[in-house]
There are 2 protein chains.
Amino acid sequence: MTESPVHHEPPIYRRIADRLRDQILSGALSDGDRLPGENAIMAEYGIARATARQALAVLINEGLAVPRRGSGVYVRLFRPIRRHGSRRLSREQWGQGRAIWDSDTRGRSYTVDEVSIERTPASEQVARVLDCDEVWVRRRRYSVDGRPVQLAVSYFPADLVEGTAVTLPDTGPGGVYARLGDLGYSPVHFTEEVRARMPQPGEASLLGLPAGTPVIIISRLAYAAGGIPIELNEMTLDAASYVLQYDFDA
Amino acid sequence: MTESPVHHEPPIYRRIADRLRDQILSGALSDGDRLPGENAIMAEYGIARATARQALAVLINEGLAVPRRGSGVYVRLFRPIRRHGSRRLSREQWGQGRAIWDSDTRGRSYTVDEVSIERTPASEQVARVLDCDEVWVRRRRYSVDGRPVQLAVSYFPADLVEGTAVTLPDTGPGGVYARLGDLGYSPVHFTEEVRARMPQPGEASLLGLPAGTPVIIISRLAYAAGGIPIELNEMTLDAASYVLQYDFDA
DNA sequence: GTGCGGGACATCTCTAGAGAAATCAATGAT
DNA sequence: ATCATTGATTTCTCTAGAGATGTCCCGCAC
């Protein structure tokens with residue numbers, strides 16, 4: 001019977017992390033505040049450097065703190081901006097349009113960088129969804145106040161876009177969507193798949209994500225009338241920077 | 001000019017992690033497979049135990065591996081199940097209803113545990129959203145194949161529920177929603193806010209989440225006709241277990 | 001066979017120390 | 001005033017080792 005229901009006291013590094021987390025979540029420490037560093041923790045608890053580091057690593061992996069080499073470890077709070085999936089509220093804005101929890105877009109600059117656009121053979125998955133072999137791929141990066149927060153990859157069926165007389169990099173006024181609309185391929189329906197996971201190294205460096213920040217991945221498929229898929233948009237969002245909003249009727 | 005654009009070679013632990021990640025993502029290692037352990041890595045690269053551990057910690061924090069004490073470190077892949085926000089497809093199921101990426105619900109048992117239901121004063125945030133001072137709070141836990149994957153907390157305005165003759169724990173056939181429907185408070189509109197972050201320790205232990213798994217948080221607000229809020233549902237999902245689906249018209 | 005014990009092996013916690021690398025403020029030269 | 005350097009501080013990387021704790025399997029007693 002090793003089934004002794006003994007309450008193992010958590011290890012030191014975890015208790016230190018718990019203490020610090022309490023201070024952060026209770027508001028005793030706020031956004032940019034500096035946490036006690038390795039040396040301070042070593043001294044205060046009389047432990048080795050590696051153990052003090054382990055305590056801080058807990059908070060860093062939880063996304064509550066960000067280390068800055070040569071400087072210190074700092075509290076990190078969230079100020080997500082809102083992304084509307086279906087924007088169709090109103091009816092007194094469904095409860096006066098009040099956000100359930102707060103978010104913040106005011107006074108921020110929101111910029112879009114065109115990264116690349118090119119024609120390539122479609123991957124297996126994209127081909128299956130878009131029902132074509134060649135696609136135009138368009139990559140963008142969205143930034144808020146200069147910090148990148150979103151990567152987007154759009155896939156357009158090549159045969160469909162080719163009908164637009166203008167080749168894709170030079171789309172003319174209104175962009176690709178206007179040209180598609182000229183051909184009668186305006187989007188009338190969207191499906192979105194949303195998932196979240198930890199970023200891969202490439203995503204983390206492109207978005208400048210500190211440890212402990214998940215990404216939200218949105219796969220949006222746009223359909224023209226008749227159920228014809230016209231765009232697959234894969235978006236990778238810094239989860240700390242976004243809150244998604246959807247609204248729909250029963 | 002310390003601005004030398006020198007390409008610092010990444011540290012050893014990171015290169016090891018990169019190698020292992022490649023093997024996982026390329027499919028050379030698959031779902032339950034065992035990764036080389038601390039001792040194997042120490043021997044192979046001739047490094048100290050702590051450094052080998054650091055390499056494995058990278059993958060663990062990325063959610064690609066799960067350590068099992070006394071046993072080893074194992075590859076972890078995702079088999080999310082689908083959660084429909086607005087289920088209103090059809091029109092040949094919008095491209096034959098095919099999922100953009102794969103997910104898997106077949107052959108899994110999906111169970112719901114009623115954890116608690118009680119009447120309490122509303123918190124400030126809940127009071128503001130639901131426009132009332134007292135609420136009924138209902139807590140549930142959802143499991144797939146015995147593993148908990150979702151926690152849900154529902155808030156109902158107390159004054160509204162009280163009109164239902166039956167007190168809340170004993171709602172009769174059809175549950176709370178049927179009783180609310182009897183009073184003409186059927187939900188006609190929903191708003192959902194979706195965000196993702198790393199779990200707090202309580203959430204992690206309740207959901208049995210290994211390191212590197214974010215949670216998705218859905219705040220769903222249901223409105224009856226006239227814009228009257230009748231339920232706030234706060235759901236905490238294991239991000240590795242879920243993919244959300246929304247669909248809507250332009 | 002069933003169950004129990006023990007050993008091999010794995011991860012986990014922690015110590016002590018050292019040098020590298022980045023930041024930041026103060027100092028000093030121009 | 002501006003710029004470069006220097007030094008203190010801080011995090012980062014890594015070594016070497018030890019004991020604790022959990023898992024797994026094999027063999028032994030029943």
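Quick note: numbers below take in every heavy atom, side chains included, and nothing from hydrogens, waters or symmetry partners. Per chain, numbering begins at 1; letters A, B, ... match sequence-line order.
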Problem - Distance in angstrom units between M42(A) CE and dT11(D) C1', rounded - result: 12 Å

Exercise for the section: Rounded to the nearest angstrom, tell me the gap between atom CD1 in I41(A) and atom P in dT10(D). Expected result: 12 Å

Holding to salt bridge (charged side-chain N to carboxylate O under 4.0 Å, His left out), I want the full list of residues that pass it with [X], two or more places apart in sequence or in another chain.
X	value
R15(A)	E9(A)
D113(B)	R141(B)
E114(B)	R138(B), R140(B)

Completion exercise
So side chain to side chain donor-acceptor pair (under 3.5 Å) across residues 198-213 of chain B, not counting sequence neighbours, yields R76(B)-T213(B), R197(B)-E203(B)

Practice task
For Y246(A), check ring-ring contact (aromatic ring centres under 6.0 Å, His included) against everything at least two apart and list the hits.
Solution key: Y246(B)

Completion exercise
Sorted by chain and residue number, the ring-ring contact (aromatic ring centres under 6.0 Å, His included) partners of F78(B) (sequence neighbours excluded) come out as none

Practice task
Assign a letter to each nucleotide of nucleotides 11-16 of chain C from its 5' end: B, base within under 4.0 Å of a protein heavy atom; S, sugar-phosphate only; -, no contact.
Solution key: BBBSB-

Would you be so kind as to tabulate the donor-acceptor pairs closer than 3.5 Å made by side chains of residues 41-51 of chain B, with sequence neighbours excluded?
from, atom 1, to, atom 2, distance (Å)
Y45(B), OH, R19(B), NE, 3.0
R49(B), NE, E38(B), OE1, 2.9
R49(B), NH2, N39(B), OD1, 2.4

Problem - Pairwise side-chain contact, N233(B) with I218(B), heavy-atom cut-off 4.5 Å (strictly under) - result: no

Handout entry: Residues within residues 16-25 of chain A bordering DNA chain C, heavy-atom distance below 4.0 Å
Key = none

